Amino acid sequence: MKRVLTGYRPTGKLHLGHMVGNLQNMLDLQSTYDCYFFIADWHALTTDYAKTGQLGNYIEEMVLDWLAFGLDPEKCTIYRQSDVPEVAELALYLGMLTPLSWLERNPTYKEQLVELKNKEIATYGFIGYPVLQAADILIVHGEVVPVGEDQLPHLELSREIARRFNYLYGDYLTEPQAKLSKGKRVPGTDNRKMSKSYNNAIFLTDSPDEISKKVRKMVTDPARIRRDDPGHPDVCSVFALHKIFTPAEVERIAEECKIAKIGCTDCKALLATSISESLADFREKRAKLAASPGLVAKILEDGAKRAGEVTRKTMKEVRTRINICPIK
Ligand code: TRP
Ligand code: SF4
C-alpha cells in the first residue's frame, strides 16, 4: 500500500478553500492508501513564534474539522508533529547537508519575507521551513503528498534533500511526489484566493446565517450595476462558487445571468442555500464531536503512538548510516 502524508499548519477553523483544495483529496485517499495526516505545529512557530497563545485551540478546531469532514482515525494516522520528536532530530541531520543557497532561492521564502514584513521572520527557523517539511515527509517514507500548488517548490526541495542524503549515506530515503487536487480555485468573498489571512473566507463551521451574510457581501460582475444589465458569470466569484456547490443548475444560472433574467440578490440567496446544505451533515457531526471532551487528545495520543513506531525505525537506520550510533 502506498504511503501518503500531508500536514496542515494549525491556523484554526478550516474554510471552503481547504475543503475543495485538499480535504476532499485526503478523504478519497484514506480508504485506499496508508495515510499519515498531521498538524504541523512546529511549522506554525516559524512565522508565529511570538504569539502562541491560541495554538492549542487552533489544533483542536482543526482536528475536529478533519473528523467531522470524514477523516477517520481507524483508517488514517492523525497526529501532531510535536508529539513525534524524531522529526526534529531528522530535521537537524538534514539541515547539516542542505546548502543554504537552496533555501535562499526558494520562491515561497522570498515572497513571505516581503508579504509578512510586520513579523520578524528573518530567522534561522523560518529559512529552515523546507528542511523541517522534508523531515516530516521523509521520516515516514511518504511517497504521495496531497498539497496545493503553492507547495510544489517545497516538494521539489524535499526531493533534492532526499537525493543528497542518499548520495552521501546510501540509498534509503524515498523521493516524494506531490498530488495536486482536481478542485478548482476557490475565490473568497472579495474574489481573491480564499484565505483566513485575507479575511474573505467562509468557514465550514459558519452557521447558515453567517453564510448568507458573507455571500450577500460577495463581489459579483463589476459591469453589472443595474438589475437589468446583462451579467458575465465567468468573471463573477458567486458563479465560481455555484460551479462547485450548485453543479446541477450552473447552466441555467449562467444563461439567466447573461440575459438579466436572474438578479444578483436571488443568485446569491441560491448560493447561500447550496453551501449551507452541502455542509449540513458536517455541521451536525461537528457539533456532536465538539461535545465529547478529551476526544481530540485521545486521537492525537493514539496517532503519535502509531507514527512513533515508524519514525523510530527510520531514525535507527538514519543514525546508523550517519555513524551516530553506539561506540563499539
Ligand atoms: N507547508 C505546508 C503548508 O503550509 C504544511 C506542511 C508542513 C506540510 N509539513 C508538511 C505539507 C509536509 C505536506 C507535507 O500548508
Ligand atoms: Fe454573478 Fe449571479 Fe449576479 Fe450573474 S447573477 S453576476 S452569476 S451573482
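Both counts, for ligands and for their atoms, begin at 1 and track the order of listing. Computed from a prediction, not measured in an experiment: that's the story for all the values here. No hydrogens, no waters, no symmetry mates; every other heavy atom, side chains included, goes into these values.
- For the pair R224 and ligand 2, a heavy-atom separation below 4.0 Å is found.
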Are S274 and E277 close enough, and set up right, to give a side-chain hydrogen bond (donor to acceptor under 3.5 Å, both in side chains), and what steps lead you there? CA-CA 5 Å; S274 308; E277 276 174 6; over 6 Å; no
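- Atoms of ligand 1 found under 4.0 Å from any heavy atom of L5 (numbered from 1 in listed order, with element): 12 (C), 14 (C).
- Scanning both residues, M62 and L14, for their nearest heavy atoms gives CE-CD2, 3.6 Å.
- For atom 7 (C) of ligand 1, the nearest non-hydrogen atom of the protein is H43 ND1, 3.4 Å.
- In this structure, K179 is not positioned above the aromatic face of Y33 in the sense of NZ or CZ being under 6.0 Å from the six-membered ring centre and within 45° of the axis.
- Below 30°, between 30° and 60°, or above 60°: for H43 and Y129 the angle between ring planes is between 30° and 60°, a tilted geometry.
- Ligand-side atoms of ligand 1 in range of V147: 13 (C), range being under 4.0 angstrom from any heavy atom.
- In the vicinity of T6, heavy-atom distances shorter than 4.0 Å reach the ligand 1 atoms 11 (C), 13 (C).
- Close approach of ligand 1 to V145 (heavy-atom distance below 4.0 Å) involves ligand atoms 13 (C), 14 (C).
- Atom 4 (Fe) of ligand 2 has an N, O or S atom of C257 inside 2.8 Å of it.
- Distance check for C267 against atom 2 (Fe) of ligand 2: an N/O/S atom falls below 2.8 Å.
- Of the protein's non-hydrogen atoms, the one nearest atom 5 (C) of ligand 1 is G7 O, 3.4 Å.
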Full working for salt bridge (charged side-chain N to carboxylate O under 4.0 Å, His left out) between E255 and K261: CA-CA 8 Å; E255 286 320 305; K261 188 171 168 197; over 6 Å; no
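- Of the candidates I161, V145, L157, L155, Q133 forms a side chain to side chain contact (heavy atoms under 4.5 Å, CB included) with just one, namely L155.
- Using bins of under 30°, 30° to 60° and over 60° for the plane-to-plane angle, the ring pair Y172/H141 lands in the perpendicular bin.
- Residue, atom and distance of the protein heavy atom nearest to atom 3 (Fe) of ligand 2 are C264 SG, 2.4 Å.
- Ring planes of W66 and F37: perpendicular class, angle over 60° (limits at 30 and 60°).
- At under 3.5 Å, not a single nitrogen or oxygen of Y8, backbone or side chain, sits near a nitrogen or oxygen of ligand 1.
- The proximity of L132 to ligand 1, defined as any non-hydrogen pair under 4.0 Å, does not occur for either the backbone or the side chain.
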Should D302 and R306 be marked as a salt bridge (charged side-chain N to carboxylate O under 4.0 Å, His left out) after you check the CA-CA gap, both sets of side-chain angles, and the distance that decides it? CA-CA 6 Å; D302 289 351; R306 260 143 69 188; 5.7 Å; no
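- Residue-ligand proximity, I137 to ligand 1, at heavy-atom distances under 4.0 Å covers atoms 12 (C), 14 (C).
- The protein heavy-atom contact nearest to atom 12 (C) of ligand 1 is Q133 CG, 3.5 Å.
- Contact annotation: for Y129 versus ligand 1, heavy atoms closer than 4.0 Å belong to the side chain alone.
- In terms of protein heavy-atom proximity, atom 1 (Fe) of ligand 2 is nearest to C236 SG, 2.4 Å.
- Note: an N/O pair closer than 3.5 Å links D136 and ligand 1 by distance alone.
- Against a heavy-atom cut-off of under 4.0 Å, T220 is close to the following atoms of ligand 2: 8 (S).
- The atoms of ligand 2 that sit less than 4.0 Å from any heavy atom of F239 are 7 (S).
- Only side-chain heavy atoms of Q151 come within less than 4.0 Å of ligand 1; its backbone N, CA, C and O stay farther off.
- Look at F38 and you'll find a heavy atom under 4.0 Å from some atom of ligand 1.
- Taking the ring axis of Y169 as reference, the NZ or CZ atom of R321 does not stay both within 45° of it and closer than 6.0 Å to the ring centre.
- Atom CD of E156 sits in a crowded spot, with more than 12 heavy atoms from other residues, nucleotides or ligands closer than 6.0 Å.
- A pairwise comparison of heavy atoms in R286 and T205 identifies NE-CG2, 3.6 Å as the closest pair.
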